[in-house]
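By convention in this document, chain letters (A, B, ...) are assigned in the order of the sequence lines, proteins followed by strands, and residues within each chain are numbered from 1. We use all heavy atoms of the structure for the numbers below, so side chains are in, but hydrogens, waters and symmetry mates are not.
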2 protein chains.
Amino acid sequence: MGIRVSDGEIARRRRGLEEGLGAEGLAGACLFAPHNVFYLSRFSFIATERPIALVWAFGRRPVLFVPLLEREHAGEACDVEVVTYPEYPDERHPMERLADLLRDLVLEGKKIGADSDGYGGGYGYRGPKLSEVIAAEVVLVKDILERMMAVKSPEEIELLRESAVWANLAHSLLQEYTRPGLTETEISARASLEASAAMFRALGPDYRPTRPGLPARAGFRGQVGPHSAVPHAITTNVRIKRGDVLVTGATADVGGYGAELERTMIVGRPTEKQRRYFELMLAAQDLAIAEIRPGRRCADVDRAVREFFAREGIEGHWRHHTGHALGIRMHEAPFLDIGDDTVIEPGMVFSVEPGIYIPGFAGFRHSDTVVVTGTGAERLTHYPRALADLVIE
Amino acid sequence: MGIRVSDGEIARRRRGLEEGLGAEGLAGACLFAPHNVFYLSRFSFIATERPIALVWAFGRRPVLFVPLLEREHAGEACDVEVVTYPEYPDERHPMERLADLLRDLVLEGKKIGADSDGYGGGYGYRGPKLSEVIAAEVVLVKDILERMMAVKSPEEIELLRESAVWANLAHSLLQEYTRPGLTETEISARASLEASAAMFRALGPDYRPTRPGLPARAGFRGQVGPHSAVPHAITTNVRIKRGDVLVTGATADVGGYGAELERTMIVGRPTEKQRRYFELMLAAQDLAIAEIRPGRRCADVDRAVREFFAREGIEGHWRHHTGHALGIRMHEAPFLDIGDDTVIEPGMVFSVEPGIYIPGFAGFRHSDTVVVTGTGAERLTHYPRALADLVIE
């Protein structure tokens with residue numbers, strides 16, 4: 001069991017990218033998006049108005065270009081040199097200093113692969129494009145990185161598996177503490193804190209979350225009672241009551257990777273109508289998982305689910321595609337969607353979460369994280385899925 | 001006391017933007033960034049691979065263009081029509097459907113103000129530029145919106161004032177629960193939960209957080225003991241011990257607005273060295289607050305602080321500028337930075353947070369949120385600032 005991606009894996013990723021881009025005549029890379037910087041350096045940070053970039057001339061050691069306030073923190077990254085600039089905006093713009101660095105790396109006049117033509121950060125940032133500060137051809141390589149990330153390595157799968165263990169714990173506590181009369185806030189906070197505290201104790205002092213806040217989280221995010229029909233609701237503070245349908249969510253940060261686990265729970269004895277939609281949702285999820293195997297297309301899986309909705313006469317309750325890839329971001333490409341023709345490969349990791357939503361009544365959705373094996377899909381999230389196991393008495 | 005911005009204010013904002021852009025020959029607007037959509041519609045959402053845009057032809061009612069899964073949720077926005085598309089990527093790309101909508105609004109062939117030329121979302125999104133899907137001149141208006149947001153209205157200041165009240169509560173509890181032997185996680189979770197629960201009770205059932213998670217939060221984000229010297233550290237789980245310097249942070253979400261409150265606390269009797277740096281930090285903050293008044297430039301404030309650092313011989317412990325604007329984003333323009341020549345105006349709201357960082361020893365930073373009045377700066381965050389009040393016995 002690992003708690004972060006190894007140095008060897010980071011080196012392999014960089015080498016893979018270098019070989020691919022080098023073959024196309026690129027001499028170096030400059031990456032701005034936090035998830036790309038993390039993927040290739042293991043440096044996670046709080047994005048602000050201050051640009052951060054991972055820059056390198058192929059064949060040389062990468063440089064993490066950071067504001068002074070990240071100097072010590074950047075030392076935690078994997079095998080990089082750290083170059084700082086004073087501040088943003090400063091009297092000299094950080095992008096001009098980045099151009100100096102690229103010139104020092106002898107990248108002027110060359111082709112440079114970048115994930116965007118300049119720093120995209122919000123938070124009031126303004127600045128020139130990369131192609132405006134250096135005489136170099138900027139080639140966008142965002143899609144290449146997205147494709148690399150789509151197929152997970154054995155190490156990444158282990159981290160997601162470990163994440164699922166702690167998501168399971170957080171969700172078990174959430175279910176245990178869910179009682180009529182309590183608010184989602186208190187149940188969720190208690191479950192998340194206890195799971196996080198257990199995680200810190202169990203994984204030991206070397207374990208570090210990559211984001212602020214509790215590393216293990218479980219909650220309802222507003223999907224309580226009739227509001228469970230709103231797929232992306234935001235927390236309210238209603239009290240849970242008998243008869244409510246609840247849609248939950250849990251995850252845990254292990255080395256920057258987070259599995260997705262969601263369940264539909266029912267408070268008290270389920271009604272016939274609740275039972276019917278629950279079972280339809282479960283059948284749709286079973287069907288989706290069975291459709292996932294190497295060689296099929298993402299679109300095929302979603303099409304099968306949509307046909308199921310049509311067959312059962314519940315198209316009116318359809319709200320979103322079957323699932324999405326995930327890893328260091330909660331959503332990644334490819335998507336289990338009729339519009340995504342990506343061929344499914346071993347090592348891809350997806351959420352599988354067809355949902356049924358009846359406005360004013362309730363919503364029904366489980367989400368499991370699966371990894372594509374040589375022949376099918378293996379669930380990483382082992383939490384019980386059957387109605388009998390998800391009734392709050 | 002309000003808990004959200006009024007319909008009237010949203011209408012005023014739209015009218016202001018319309019008049020400004022209309023004068024430049026623009027016929028409509030199309031905004032993608034979540035904070036811009038929120039600013040002009042009060043619709044807050046979880047950004048994913050699915051584009052969301054607020055679109056309107058000037059003089060007509062705005063349209064919120066959302067994926068089907070946000071249909072019911074989008075109904076919470078202020079005075080908009082909701083137009084949905086099925087899904088992303090789908091067999092027909094959402095950007096093509098957005099182009100249909102713009103044509104319906106008779107914006108083809110016109111000048112359209114946009115905050116970016118297409119949806120910028122990460123999460124595996126791919127798509128064409130706005131200017132590629134519709135024959136219209138796309139004019140970037142991101143900076144105009146940033147300037148509008150920089151001067152807060154009386155309603156916005158009230159929301160930030162209310163946010164400061166709850167940040168104060170969260171921080172009081174944090175300080176009360178901080179004891180040697182406890183971890184930052186448990187102290188922070190307890191304080192945040194109790195403050196959030198109080199907030200829900202006090203603000204009543206109409207109060208809604210705009211983001212997932214607890215609405216009031218206080219914590220240390222890793223700045224414990226020697227790690228307090230790392231300005232943007234990320235949570236660890238070390239136990240707090242006697243002699244530690246702690247740098248805290250607290251905020252609360254009121255109608256999408258969040259004040260910033262940070263304090264340096266010392267566990268046990270402060271040493272001479274701790275006392276010295278604490279007092280220097282406090283003097284730098286006093287000086288910065290005194291420098292803020294209408295007519296001065298942001299750069300002047302930061303320059304005064306840097307001169308103070310030089311005078312005291314502590315430039316080596318400088319890591320970042322004096323502060324930043326804030327409102328619906330935790331960082332906004334303008335910046336209290338020697339490179340920002342923006343003239344300070346009444347209604348601007350800034351964090352004031354000069355920090356002193358000694359690697360391997362400790363960091364010292366208070367952050368207060370101030371609003372610029374007719375003559376100076378008024379603190380919105382009233383938490384005690386003196387060392388005597390911030391020692392954990």
> Under a 4.5 Å heavy-atom cutoff, which of E87(B), H73(B), R71(B) has the most pairs with chain A?
Replying inline: E87(B)
>> Which atoms of A233(B) are under 4.5 Å from chain A, going by heavy atoms: the side chain, the backbone, both sets, or neither?
In response: backbone
>> If we define contacts as heavy-atom pairs under 4.5 Å, which of T210(A), T185(A), V238(A) has the most with chain B?
In response: T185(A)
>> For a 4.5 angstrom cut-off between non-hydrogen side-chain atoms, does I46(A) reach M330(B)?
In response: yes
>> With chain A as the partner, which of P67(B), P86(B), A229(B), A33(B) has the greatest number of non-hydrogen pairs under 4.5 Å?
In response: P86(B)
> Does CZ belonging to R126(B) count more than 12 external heavy atoms closer than 6.0 Å?
Replying inline: no
> In chain order, what residues pass the salt bridge (Lys or Arg N to Asp or Glu O under 4.0 Å) check against R221(A), with sequence neighbours excluded?
Replying inline: none
> For D90(A), does its backbone N or O pair with a side-chain atom of D337(B) as donor and acceptor, under 3.5 Å?
Replying inline: yes
>> Heavy-atom cut-off 4.5 Å, strictly under: side chain, backbone, both or neither for L214(A) against chain B?
In response: side chain
> Closest heavy-atom contact between F335(A) and P89(B)?
Replying inline: CB-CD, 4.1 Å
>> Could you walk me through whether T48(B) and H324(A) satisfy the side chain to side chain contact (heavy atoms under 4.5 Å, CB included) test, starting with their C-alpha distance in whole Å, then the side-chain angles of each, then the deciding distance to 0.1 Å, before giving a yes or no?
In response: CA-CA 11 Å; T48(B) 68; H324(A) 51 80; over 6 Å; no
>> Can a donor-acceptor pair be found, under 3.5 Å and without considering hydrogens, that links the side chain of H321(A) to the backbone of Y88(B)?
In response: yes
> Under a 4.5 Å heavy-atom cut-off, does chain B meet the side chain of A47(A), its backbone, both or neither?
Replying inline: backbone
> Is it the case that more than 12 heavy atoms not belonging to Y123(B) sit under 6.0 Å from its OH atom?
Replying inline: no
>> Less than 4.5 Å to any heavy atom of chain B: does that hold for the side chain of R217(A), its backbone, both, or neither?
In response: neither
> So, R50(A) and H331(B): side-chain donor and acceptor under 3.5 Å apart, yes or no?
Replying inline: no
> Relative to chain A, which segment of E332(B) carries a heavy atom at a distance below 4.5 Å: side chain, backbone, both, or neither?
Replying inline: backbone
> Side chain, backbone, both or neither: which part of Y125(A) has a non-hydrogen atom closer than 4.5 Å to chain B?
Replying inline: backbone
> L68(A) and W318(B): side chain to side chain contact (heavy atoms under 4.5 Å, CB included), yes or no, with the steps?
Replying inline: CA-CA 9 Å; L68(A) 187 59; W318(B) 181 91; 3.8 Å; yes
> Who among D143(A), D341(A), D302(A), D340(A) has the most heavy-atom pairs with chain B under 4.5 Å?
Replying inline: D143(A)
> Is it the side chain or the backbone of H227(A) that comes within 4.5 Å of chain B heavy atoms, both, or neither?
Replying inline: side chain
>> Taking ring pair (Phe, Tyr, Trp, His ring centres under 6.0 Å) as the definition, give me every residue that meets it alongside Y85(B), ordered by chain and number, with sequence neighbours left out.
In response: F65(B)
> G355(A), P209(A), A325(A): which one forms the most heavy-atom pairs within less than 4.5 Å of chain B?
Replying inline: P209(A)
>> Regarding E72(A) and R319(B), does a basic nitrogen lie under 4.0 Å from an acidic carboxylate oxygen?
In response: yes
> Does the pair L69(B) and Y357(A) meet the rule for a side chain to side chain contact (heavy atoms under 4.5 Å, CB included), with working shown?
Replying inline: CA-CA 9 Å; L69(B) 74 78; Y357(A) 304 92; over 6 Å; no
> Given the rule in the side chain to side chain contact (heavy atoms under 4.5 Å, CB included) test, do T183(A) and F200(B) qualify, once you have shown the distances and angles that lead to the verdict?
Replying inline: CA-CA 10 Å; T183(A) 65; F200(B) 276 123; over 6 Å; no
